[in-house]
Protein chains: 2
Amino acid sequence: MLGTTKERAGMPAVSAEEGHTAGTGTGRRRAGRPSAAVLDKAGITTAALDLVSRKGYDGLTMAALAKQLEVAPSALYNHVASKRDVLLLVEDHLTSLVDVSAFGSKSWEDAVRTWAWSYRDVFAEHTPLIPVIAVLPVTDAPQTLAMYETVSKGFLDAGFPEERIVSAIVALESFIFGSAYDVTAPGDIFEPGSMADANPHFTAAVRSSAGPGRPADTAFGLGLEALISGLGALRGQAG
Amino acid sequence: MLGTTKERAGMPAVSAEEGHTAGTGTGRRRAGRPSAAVLDKAGITTAALDLVSRKGYDGLTMAALAKQLEVAPSALYNHVASKRDVLLLVEDHLTSLVDVSAFGSKSWEDAVRTWAWSYRDVFAEHTPLIPVIAVLPVTDAPQTLAMYETVSKGFLDAGFPEERIVSAIVALESFIFGSAYDVTAPGDIFEPGSMADANPHFTAAVRSSAGPGRPADTAFGLGLEALISGLGALRGQAG
DNA sequence: CTAATAAATGAACGACATTCATTTAGTGCT
DNA sequence: AGCACTAAATGAATGTCGTTCATTTATTAG
């Protein structure tokens, strides 16, 4: 019931832009409602993104967020119900950064490729969001919904049977989310170490797998091309 | 430096089995080292699994774990360095439940199918582990390493070029982890709600996507078959 | 004008993971 | 045997974090 009426994503003038310099402001605000609202969802979102980019997700605490916005932590709860809500705001903003432009201008294969790589790259920097996203109803995430709309239309126009589109997108998305983790994994994650002798085939496979570019990119490319050709075969079929 | 010498996974007699009845024991243990050790890694692992199955991952706290084992929370830190360590113990145990038996007895396609479904099913019940696993060096996880060994050998025997095996496994695993989340997602996660009108193609796709069985299973089956046929094409090729 | 609501402060709470001093028991060395 | 060292437990304490609540002040609706 709180904060439902006013806030829009229009970034109303100043507060969001100025607040997070967190600088040399003379003193604290006195208690009570200020004449101009200090917080809104857009400002909270950009402050959270800023904080994450500087301090990582460990640094994204309600207290740190409040400090950046120069408010008391409890003030945040007039605009979001929980920290999870903050993460949802961040997630929805990030989704708007995913490149869906190739749907409509390129072939289905190229469009999926562009979209998937972009999607993975965006969330590879934000893996702590993945457990939240994956169980998140899209209802509360307009940008996410917009992305699905564009992608769905691309699949439909490419001749996909309507009943299979959601499954195909979910399959791709699952692969994308899982792959986002790989990007941040340490390079030696598969080093068998002292147990190399007991696992000879795997050890040999690891040793011989070095190629150009990041291993995570190689694996992602491999899986993505497999999915594209496998799923592409559904086009033009009956349900 | 602590607890490195003695403990093995051999489940030494009683402690692991009896401890977690947490029942009508008369009183507290007096301070100081007990004659027979109360804790070991195997006991901690089974107690953690028990706790998770009864209370979920929210219920898996160091305090609750200690209570189940009838020790003080700080006693746990003589055997694990952190809660993350506990999660690693749990993860490695779960990996041993994944069915790799089809490698060696069935065709490569059938073996991958069996393995992948089993792997997904096991971790669908344990999604909070996924962020931990995904970045986890296999060195500390012998069961996990053993699984990779079996799968690697299966790929090699099926004619996969050695340099591609790790990438292929990573691609499959990424898909599996991502898909595990879907299983636990709410059924109405894709309901566009009030924004249905603004996203007609996606809304139509969602409405028409109802089929027999769980939606998560449909999507997983679709993606897995695509990956199997796409990756299977690598067999017998040069690197 | 007045009641309701929105938006801020600041104090407090309850979990939780983790650390530390202390106590007691086993182990290895001479 | 005796002694130092280490292992394994208790119990108290700490610091962080998300969240709630009473209170204050300003805006808005009727």
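By convention in this document, chain letters (A, B, ...) are assigned in the order of the sequence lines, proteins followed by strands, and residues within each chain are numbered from 1.
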Exercise for the section: Examine the side chains of B:H126 and B:Y57 and answer whether a donor and an acceptor come within less than 3.5 Å of each other. Expected result: yes
Exercise for the section: Mind checking B:T61 for me? I need base, sugar-phosphate or nothing, with any heavy atom below 4.0 Å counting as a touch. Expected result: sugar-phosphate
Completion exercise
To the nearest angstrom, the CG-P distance between B:L87 and C:dC16 comes to 14 Å
Exercise for the section: Rounded off to whole Å, could you give me the CG-to-C1' distance for the A:L60 and D:dG18 pair? Expected result: 12 Å
Completion exercise
Checking D:dT10, D:dA9, C:dG10 against the side chain of A:S74 (C-beta onward), the nearest is C:dG10
Completion exercise
Separation of D:dT14 atom P from B:Y77 atom OH, nearest Å, is 17 Å
Handout entry: Within-4.5 Å side-chain heavy-atom neighbours: B:P131 and B:V135
Key = no
Handout entry: Separation of C:dA8 C1' from A:D40 CG (nearest whole Å)
Key = 14 Å
Exercise for the section: Could you state the atom-to-atom distance from CG of B:L69 to C1' of D:dA9 in whole Å? Expected result: 13 Å
Exercise for the section: Tell me which of B:A64 and B:A36 sits closer to the 5' end of DNA chain C, going by the nucleotide each one is nearest to. Expected result: B:A64
Problem - Protein-nucleotide distance (A:K67, atom NZ; D:dC17, atom C1'), rounded to Å - result: 15 Å
Problem - Separation of atom CG in B:N78 from atom C1' in C:dA25, rounded to whole Å - result: 13 Å
Exercise for the section: Ignoring backbone atoms, establish whether B:H79 has a side-chain N or O less than 4.0 Å from OP1 or OP2 of D:dA7. Expected result: no
Exercise for the section: May I ask you to verify if any side-chain N or O of B:R29 is less than 4.0 angstrom from the OP1 or OP2 atom of D:dT10? Expected result: yes
Problem - Non-neighbouring partners of A:R207 that pass side chain to side chain donor-acceptor pair (under 3.5 Å), sequence neighbours left out - result: A:E191
Exercise for the section: Rounded to the nearest 0.5 Å, what's the gap from CZ on B:F202 to OG1 on A:T150? Could you check? Expected result: 11.5 Å
Practice task
Check the distance between C:dT19's C1' and B:M62's CE and give it to me in whole angstrom.
Solution key: 12 Å
